[in-house]
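A quick write-up on the structure given underneath.
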Amino acid sequence: MRLDYLTIFPDYLAPLGLSLPGKAAARGLVEVHVHDLRGWTRDRHRTVDDTPYGGGAGMVMRPEPWGEALDELLGQDPHPATVVVPSPAGRPLTQALARALSTRPRLLFACGRYEGIDQRVLDHAREREDAEEVVEVSLGDYVLNGGEVAALAVTEAVVRLLPGFMGNAASLEEESHEQGLLEYPVYTKPSSWRGHDVPPVLLSGNHAAIAAWRHEQSLARTAERRPDLLHASHVAGEWEVLPAAPGDVAELHVLTLACWVGEALLNDDLTIPPLHESTADTAASLAEWDTYVVRVAGRLVGSVRGRLDGTTWEIGRLMVAPDLQGRGLGRVLLEHAERVAAPSATTYRLVTGKDSEANLRRYKRAGYRVREVLDGPSGPAVLTKARRRTGRG
Ligand code: JD8
């Protein structure tokens, strides 16, 4: 992963050379480039700020140095960069967002100062072909004096998720915010300290009992300190659709088998491809398809994928864990698959078993129409829908 930082205080980012990013760079997992924005000014005072239109206190960062810096830096790498803009008005940094950013080949951090960056810099960046996405992110509901601290925090949250960085990926999965719950308390030797003893269950060697105790502690802490977290992950309808990551492959394969057994029985057809794929096939599919997943309390419960075929956006493998079907997650996944369709797509296409009545009803309710039924044992039925252009897509 390539990491670029644009700032008027490059020394503020010296920590990038230390600890975590430093180790990652040493191991070739990341390459870090820090740039002084003043390098793209043209006046002898190297001016980066000016008075705000509409009046008010403070100064605003001028657009020109940013525009020229982004022109040069975004053109430097074959990979389109995700431009990360720390801002108190940004979306909160979450583990989910960190995971999403960890799948990008390149991040460019635009670290503002003063009252902020002229808004047109962000609007213009969102029009650029060489910017995959512009993500405004906030560390939290308090005011800092600039974006550098947030850039360091986002970097740490992202780099530690890079495949191969943390010794054992398993420990990542176990972590609190991965599960949507707060950390359980941890202890080490001595077993008794200043009159405080380690909970006996942790000395028992009974791993099932230890895991249950830890989950109870996480739930209790979350209910007490962050009930908002608890609600979000356990209330139906509030799902977050995330790009699939290598760590999802195993669960995705299991969910695929679980969901397509039902399809095979419905259509009396055991030849359907999902039943004949391996975990390696699922891993390989992530390179061919834009794949998305949904987790609830750390469990992978839904997925969908899409890819472009000419001007048709092919939507596939829309699946919801059997015990969670009927709560609207399927609709959320279908709408997401449509929303992330390639800009050049004019039609959506998907297939389902010719005897999958519930699926056929659901897709027709969503505006799809059966175009043909192929002559395989279960068809399948091919459904399409014209893409309606909304202001956003
Ligand atoms: C970027 C300029 C300072 C902010 C006038 C103080 C993030 N969670 C967060 N809080 N504050 C920031 C942040 C603050 C920034 C900049 C991020 C660029 N400032 C401005 C508006 C009020 N001054 C942040 N991430």
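Just so you know, these numbers come straight off a predicted model, no measurement behind them. Note that ligands are numbered from 1 as they come in the structure, with each ligand's atoms numbered from 1 the same way.
- Contact annotation for I117 and ligand 1: no heavy atom of the residue comes within less than 4.0 Å of the ligand.
- For ligand 1, the atoms lying closer than 4.0 Å to a non-hydrogen atom of S138 are 8 (N), 25 (N).
- In this structure, H35 has its ring center at least 6.0 angstrom away from the ring center of Y5.
- Among V149, V143, L144, the residue whose heavy atom lies nearest to atom 14 (C) of ligand 1 is L144.
- For ligand 1, the atoms sitting less than 4.0 Å from at least one non-hydrogen atom of Y142 are 8 (N), 9 (C), 10 (N), 11 (N), numbered in the order shown with element in parentheses.
- For the pair R113 and ligand 1, the shortest N or O to N or O distance does not fall below 3.5 Å.
- Between D49 and R113 there is no salt bridge, since no side-chain nitrogen of the basic residue lies less than 4.0 Å from a carboxylate oxygen of the acidic one.
- No heavy atom of G90 sits closer than 4.0 Å to any atom of ligand 1.
- By the 6.0 Å and 45° rule, R317 stacks over the aromatic ring of W260.
- Side-chain atoms of T384 and R371 include a donor-acceptor pair closer than 3.5 Å.
- Under the 3.5 Å distance criterion, with hydrogens and angles disregarded, no donor-acceptor pair is assigned to the side chains of S378 and N267.
- Side-chain polar atoms of E133 and T82 form no donor-acceptor pair below 3.5 angstrom.
- Of the protein's non-hydrogen atoms, the one nearest atom 4 (C) of ligand 1 is P88 CG, 3.8 Å.
- Close approach to Y114 involves these atoms of ligand 1, each under 4.0 Å from a residue heavy atom: 2 (C), 3 (C), 19 (N), 20 (C), 23 (N).
- Heavy atoms from both the backbone and the side chain of P86 come within less than 4.0 Å of ligand 1.
- Surrounding NE2 of H79 are at most 12 heavy atoms belonging to other residues, nucleotides or ligands under 6.0 Å away.
- An N or O contact shorter than 3.5 Å links L139 to ligand 1 by distance.
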